[in-house]
Amino acid sequence: MPLTAPADPWAADSAVRLSEDPDSLFIVIASLKDENAQAAQVSATQSEVDSLPPGHVLTASSQVVSEAEFHDAC
């Protein structure tokens, strides 16, 4: 799921600008649009995000799961 343009049912509260530094750290707190639900905070470096297989996300427990699994869990 792209951080700069999340797909429905996710939305970004503000524009996300990604650093080109592979060691830069991102901290993401995800929530479902129009719902009072929130996923746990996730932090990862740019290189960790870039190494994710297509269609996969990193969870707060540092597990790599498919977007479908992630959506089902939320």
Side-chain angles (χ1 to χ4, degrees):
M1 154 179 347
L3 293 176
T4 56
D8 214 22
W10 303 91
D13 288 339
S14 59
V16 176
R17 294 185 323 161
L18 302 179
S19 170
E20 295 191 21
D21 178 358
D23 295 323
S24 60
L25 181 66
F26 300 106
I27 299 174
V28 177
I29 301 172
S31 60
L32 288 169
K33 184 170 55 174
D34 301 325
E35 291 189 29
N36 191 19
Q38 193 172 60
Q41 175 178 307
V42 177
S43 60
T45 63
Q46 178 67 53
S47 56
E48 289 172 318
V49 172
D50 290 343
S51 70
L52 288 170
H56 287 73
V57 298
L58 184 65
T59 67
S61 59
S62 299
Q63 287 185 289
V64 176
V65 299
S66 71
E67 285 184 36
E69 289 176 282
F70 180 73
H71 287 183
D72 287 346
C74 294

Enumerate, atom names and distances included, each donor-acceptor pair closer than 3.5 Å involving a side-chain atom of residues 21-28, sequence neighbours excluded.
{"from": "D21", "atom 1": "OD1", "to": "D23", "atom 2": "N", "distance (Å)": "2.9"}
{"from": "S24", "atom 1": "OG", "to": "D21", "atom 2": "O", "distance (Å)": "2.7"}

So which atom in V49 and which in A44 form the shortest heavy-atom distance, rounded to 0.1 Å? CG2-CB, 4.1 Å
For a quick test of reading the model, state the closest non-hydrogen atom pair linking H56 to L52 and the distance between them. O-CD1, 3.9 Å
Could you tell me if the side chain of V57 sits less than 4.5 Å from the side chain of V65, heavy atoms only? yes
Who passes side-chain hydrogen bond (donor to acceptor under 3.5 Å, both in side chains) against [X], sequence neighbours left out?
X	answer
T59	S61
S47	T45
D50	Q46

Pair E48, S51: side-chain N/O donor-acceptor within cut-off below 3.5 Å: no
Set of residues satisfying side chain to side chain contact (heavy atoms under 4.5 Å, CB included) with respect to P54, sequence neighbours excluded: none
